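Worksheet: the structure to be examined is printed underneath.
When a ligand or atom number is given, it counts from 1 through the structure's own listing order. Since this is a predicted model, take the numbers as computed values, not measurements. Only this structure's heavy atoms are used, side chains among them; waters, hydrogens and symmetry mates stay out.
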Amino acid sequence: MSQLSLQGVAFRYGAGTVLERVDVTVAAGERVGILGRSGVGKSTLLQILAGLVAPSSGGLQVEGAAVKGPVPGCTMMFQRPALLPWASVLDNVLLPARLAGRLARDRAACEREALRLLDDLGLAEHAQAKPHQLSGGQQQRTALARALASRPRILLLDEPFSALDPEMRSALRADVLRLARQNDLTLVIVTHDLADVAALASRAIVLGGRPARVTADFRLGSDAEADLRRRFGAEASAPRRAAA
Ligand SMILES: Nc1ncnc2c1ncn2[C@@H]1O[C@H](COP(=O)(O)OP(=O)(O)OP(=O)(O)O)[C@@H](O)[C@H]1O
């Protein structure tokens with residue numbers, strides 16, 4: 001059974017139709033990349049998959065049941081880390097436990113879990129630092145630790161590496177892949193970078209047209225990056241052109 005499923009989804013911002021007749025299914029534990037030109041509707045689709053935005057028509061099902069509102073067990077990570085600037089790195093990572101009421105019940109266990117996550121992401125020595133004292137990559141790692149601290153089953157990523165330099169980008173990609181595998185997460189990433197999809201996903205979905213629909217949906221093999229570059233050309237952002 002599909003873990004996430006959109007059937008016949010359309011989405012309009014006012015008079016403009018962004019998505020039309022979009023069908024997407026994602027199985028539990030699957031890792032999917034969503035590609036398409038800038039402005040095609042990738043972020044909108046991701047927010048519909050998260051249940052944060054309601055489709056104008058069509059529906060979202062989670063494990064076969066219709067869901068309206070935020071998908072339980074689903075967390076998102078964005079291009080900017082959106083950390084609380086006044087809180088320490090540790091307190092930022094404790095935020096999901098605080099919101100879920102777990103921190104008030106067992107602070108010591110929550111801190112152990114948060115510190116383990118920070119340690120796993122090479123941030124243990126920065127636990128008491130404020131976000132502005134960290135590099136961009138460390139801030140994004142903190143956002144990843146915070147996302148995982150909510151104990152998700154589904155992790156949705158919206159251009160999570162695009163503000164990072166190439167070295168940090170590939171290091172963080174490796175961390176996301178390792179932690180997604182370790183925690184058996186379902187992962188959906190929206191990106192312009194074919195290398196992100198090649199590194200993280202076993203399947204690619206391409207949005208194209210106006211209003212956008214799914215124009216391609218295919219499995220990625222062992223040489224995923226070469227496959228994607230064959231389909232979309234040499235430039236990393238080629239889907240902007242190929243799926244227009
Ligand atoms: N709040 C809004 N009101 C009106 N139109 C919007 C709004 N948000 C997004 N749009 C429009 O909806 C379309 C899809 O936006 P979306 O952010 O989903 O695209 P995207 O594929 O993620 O783009 P990018 O790759 O540039 O981030 C765009 O044409 C955008 O201009």
Next item on the list: Nearest 0.5 Å please: distance from the CG atom of Leu148 over to the CG atom of Leu155.
Entry: 6.5 Å
Item checked: Non-neighbouring partners of Arg98 that pass side chain to side chain donor-acceptor pair (under 3.5 Å), sequence neighbours left out -> none
Notebook entry, point to check: Got a sec, which residues hit side chain to side chain donor-acceptor pair (under 3.5 Å) with Asn92, two or more places apart in sequence or on another chain?
Noted result: none
Check: So, Gln140 side chain and Phe78 main chain: donor-acceptor pair closer than 3.5 Å or not?
Finding: yes
Notebook entry, point to check: Is a donor on one side and an acceptor on the other found under 3.5 Å between the side chain of Arg169 and the backbone of Phe161?
Noted result: yes
Next item on the list: Give the protein residues with at least one non-hydrogen atom closer than 4.0 Å to an atom of ligand 1, ordered by chain and number.
Entry: Tyr13, Val18, Arg37, Ser38, Gly39, Val40, Gly41, Lys42, Ser43, Thr44, His192
Item checked: Apart from Trp86 itself, residues in the same hydrophobic cluster as defined by side-chain heavy atoms under 4.5 Å -> Leu84, Leu95, Leu99
